[in-house]
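Worth knowing before you read on, the calculation uses all heavy atoms, side chains too, and leaves out hydrogens, waters and symmetry mates. Not measured: the values here are computed from a predicted model.
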Amino acid sequence: MKPFPNVCYAIFLSAEVLTGRADQAGVAPTDPPIIQIATAHSALTLRAGDDGRLYELGYGRAEKNSSTTDRPPRESEFYPQYGDGFVWEPALQAAHVDGNTSTDLRYVREDSRTLGTNVTLTRIELKDSHYPFYVTLCLERFRNEDVIEQWVEIRHQEHGVVVLRHFASSAPVFNAREYWLTQFYGDWAREATMEEEKLGPGIKILDSKLGVRASRFRFPSFALSENGPAREDSGEVIGGSLAWSGSYQLAFDMDSDNHLRALCGINPSGEAVHLEPGRIFKTPAMLWTWSAHGAGRMTRNFDRWARRYGIRDGDQPRPVLLNNWEATGFNFDEKAIVSLFDGAQAIGADVFLLDDGWFGNAHPRNDDHAGLGDWQVNTNKLPRGLSYLAAQAGRRGVKFGIWIEPEMVNPRSDLFEKHPDWAIQQPHRPLELSRNQLDLDLSNPAVQQFVRRVVDEVFGTPGVSFVKWDCNRYVTQPGSTYLPPGRQSDLLIDYNLALYNIMARMAKKYPRTMAMLCSGGGGRADYGALKYFDEMWPSDNTDPLHRVFIQWGYSYFFPAEAVCDHITRSGNRPLKFAEDVAMSGALGVDMDLRKLPPAELEQLASAVALYKKEIRDVVEQGDLYRLRSPYEHPCAALDYVSADRSRAVLFVYQVKDGDDGSVRPRGLDPQARYRVREVNLPAGANSQLAGDGRVMDGVTLMRDGLRPPCHKPCDSAVIELVKGGAMALPSDESTRPSFR
Ligand code: GLA
């Protein structure tokens, strides 16, 4: 419904368009600009129409996005707004100060700046035809990685508060015959389960309304395959990932002409932004990549981008951790922890990570009922404090790390007794607990200051080199005692923006302290938070048989170095299988090594040594090729290939009965000769791999493959392929990186 008579509206608009574009941009209205955001293989092409609106001409293969002189159809508006005649799902909906619910954005100007050889930022300014209301579409392109990052900045100079009700980060339109959408859903201990479906007319929504720990049931990334289900090595696949840790919505709106609009951003359901004049609201970034070589290339684009731009110190090796959570839970004291350090040293772990349970005195954290919020060391359990533990670990050549959950509070804590109003809550409703805890209200500056202080105290403790930042509940009663009644709908957005400020400060102030992102398993799996962290904990399910599937799902969007995979006894699987599965990510161990028979301790130590010396750099920095999916095959397989293709590591995991024949590695140099060697064999065992020790050329390996020695569930193999046959590895000392 248009709020004004059509005729006045039209006259009024054209005057504004002429003024805006001729005066401010110096562009003649008859010569609408074409804006191309081009990467090495893809392009997003936009054009301002002769009506002043900004249209999308295409996203995908660069040469397909040619210009057109006709005014594009209204359905292809690039950032459509509610109320100006656009009748589908809008990217933006605002209520202006006078109550007008329509917005009518017209192109003003575009500006592109080079931010280094690989990165260009294009800012396209739009302005409402009547109101002093401005939207800047920001598009940063990463040329070599074929990644485009889009966010939107909204501001105004109206006399009062404008309420934003829809504020997508990005809303491109696709034009294909069919669309196949893959999502990554689940719950605690079964994260990143993959499901692909063909989209039909109407709106399909993937979302989270959890506010905090928002990826619990689904992470905000998807793959969209055009004209058929996604294949690994061929076909056009678009990857999307929203860099936001709060509630999100990914809405796929298909019209009767088969256009598909993907509206991606903060979930507008229940959330709104009250925008004062002069303030800029910046949406989270949406990351896009386009691949003409299936989901495999989509992943490699994201991985390369993430290592360079998306995660902390992405070019550095990740430490091998020994964590005590599965070994001791809350039940430990100083003597027990110190006794675990010997095991850390024995297996060659880089860092010992002391998990939950080290804090709280009046309300000791002996289980999950008490203590959150009281971040003082428990003097009964650890009388000489954290620095003593760090020093003891240091004496054994192991660094020391610690767990925190600074956004949370147990009602049984000093903090809650003193500040019950600091918890997120709603008036007249009994407090709902989850894992016996509440979320702190980070929209409140006093709470922000408290959390900053906790971060300073923990990160500033002498000897602490690593921190695991956890977050174990989502929000079910989104209310703030701090925000006024009319601003309650801003709470979860304000929360996450404040959280990012605290995380950004942490990453900057403590550059030498490594950090793991965790959220009751994988409840925070997004590039919004990950950019302040070295790695993340993907799931509390460490049974390696289940982990093959969980890691498979994460692998679509996150590089192996960012996904912590620990060897544990969960599921009672063979130790070798647990090792082989964990070695395809950022390796760690979570076991009570005091209880391990000497032969197994030795086996573990040699797996860690092998990983550090021969595998870690290829897995963490190499290109991933998913070869056989555990969803479709009894025997899953993947390989990582170093950038210069001189080394590759092939992982094979039998997940159920059945014979899949040979595994064909990919990504090798076809001309080169590689020595084939099965590694991580139990002491004294000989490889059963046909071809073990042989030198074969890349083309033969990729054509004929290798027959893995895997026959029954939980059989596995790790096979190294080294160019030239020679193992040109550095000496033991230099392979041990000095972690910050
Ligand atoms: C969460 C994490 C676990 C562990 C516990 C401690 O569940 O995912 O790894 O740290 O909290 O309470």
Side-chain angles (χ1 to χ4, degrees), residues 321-345 349 351-396 398-420 422-423 433 435-438 440 446-447 449-472 506 510 513-516 518 590 592-594:
L321 299 181
L322 177 65
N323 188 198
N324 70 311
W325 178 244
E326 293 200 19
T328 68
F330 296 100
N331 187 17
F332 58 80
D333 59 15
E334 185 178 277
K335 197 161 156 241
I337 295 300
V338 172
S339 73
L340 295 174
F341 294 158
D342 293 330
Q345 182 181 30
V351 175
F352 179 90
L353 172 60
L354 176 58
D355 215 284
D356 197 355
W358 58 269
F359 51 90
N361 285 299
H363 302 279
R365 180 83 172 159
N366 291 329
D367 55 36
D368 61 20
H369 285 81
L372 285 178
D374 300 349
W375 298 102
Q376 293 78 39
V377 76
N378 180 314
T379 47
N380 269 339
K381 280 181 175 175
L382 306 172
R384 281 174 281 191
L386 298 179
S387 294
Y388 169 79
L389 291 179
Q392 289 298 311
R395 280 174 56 180
R396 293 158 177 86
V398 176
K399 292 194 181 281
F400 181 71
I402 195 83
W403 178 98
I404 52 170
E405 195 179 7
E407 302 152 69
M408 301 287 155
V409 64
N410 284 122
R412 277 168 51 192
S413 65
D414 291 343
L415 182 70
F416 189 77
E417 281 165 13
K418 216 163 139 197
H419 298 289
W422 281 11
L433 299 184
R435 209 192 187 207
N436 309 301
Q437 67 195 61
L438 297 162
L440 287 173
V447 178
Q449 201 189 342
F450 166 79
V451 176
R452 272 196 299 272
R453 211 178 58 232
V454 170
V455 167
D456 280 341
E457 278 163 13
V458 171
F459 279 72
T461 303
V464 169
S465 315
F466 188 102
V467 173
K468 175 179 177 183
W469 181 315
D470 209 341
C471 167
N472 275 294
M506 164 207 98
Y510 303 99
T513 310
M514 294 168 279
M516 180 205 287
C518 175
D590 196 340
D592 190 341
L593 300 178
R594 296 166 304 188

Between OG1 of T461 and CZ of F400, what distance do you get to the nearest 0.5 Å? 9.0 Å

Closest heavy-atom contact between A423 and V409? CB-CG1, 4.4 Å

All heavy atoms of N323 vs all of D590, minimum pair found to be O-OD1, 2.8 Å

In short, A370 meets P364 closest at the heavy-atom pair CB-O, 3.8 Å

Ring pair (Phe, Tyr, Trp, His ring centres under 6.0 Å) partners for F352, two or more places apart: F341

Any donor-acceptor N/O pair, N378 side chain to N380 backbone, under 3.5 Å: yes

For H419, ring pair (Phe, Tyr, Trp, His ring centres under 6.0 Å) partners two or more places apart: W422

Give me each pair satisfying salt bridge (charged side-chain N to carboxylate O under 4.0 Å, His left out) with a member in residues 355-370, each pair once, sequence neighbours excluded. D355-K468, D356-R365, D368-R435

By salt bridge (Lys or Arg N to Asp or Glu O under 4.0 Å), R395 pairs with (sequence neighbours left out) none

Between N324 and I337, is there a donor-acceptor pair closer than 3.5 Å when you use the side chain of the first and the backbone of the second? no

For W325 and F330, take the angle between the two ring planes, folded into 0 to 90°, and tell me which bin it lands in: parallel under 30, tilted 30 to 60, perpendicular over 60. perpendicular

Please answer whether the main-chain N or O of K335 pairs with a side-chain N or O of D333 as donor and acceptor at a distance below 3.5 Å. yes

Listed by chain and number, what are the side-chain contact (heavy atoms from CB on, under 4.5 Å) partners of Q449, not counting sequence neighbours? R452

Determine whether the side chains of N472 and Q437 contain a donor N or O and an acceptor N or O closer than 3.5 Å. no

Looking at W403 and W358, would you say the former's side chain and the latter's main chain have a donor-acceptor pair under 3.5 Å? no

Show the nearest heavy-atom pair for residues N436 and L433, with the distance to one decimal. CA-CB, 4.0 Å

L340 versus L593: any side-chain heavy-atom pair under 4.5 Å? no

With sequence neighbours left out, what residues match D414 under salt bridge (Lys or Arg N to Asp or Glu O under 4.0 Å)? none

Is the backbone of N331 close enough, under 3.5 Å, to the side chain of N366 for a donor and an acceptor to pair up by distance? no

Might you point out which heavy atoms bring L322 and G343 nearest each other, and give the distance in Å? CD2-C, 4.4 Å

More than 12 heavy atoms of other groups within 6.0 Å of D342 CG: yes

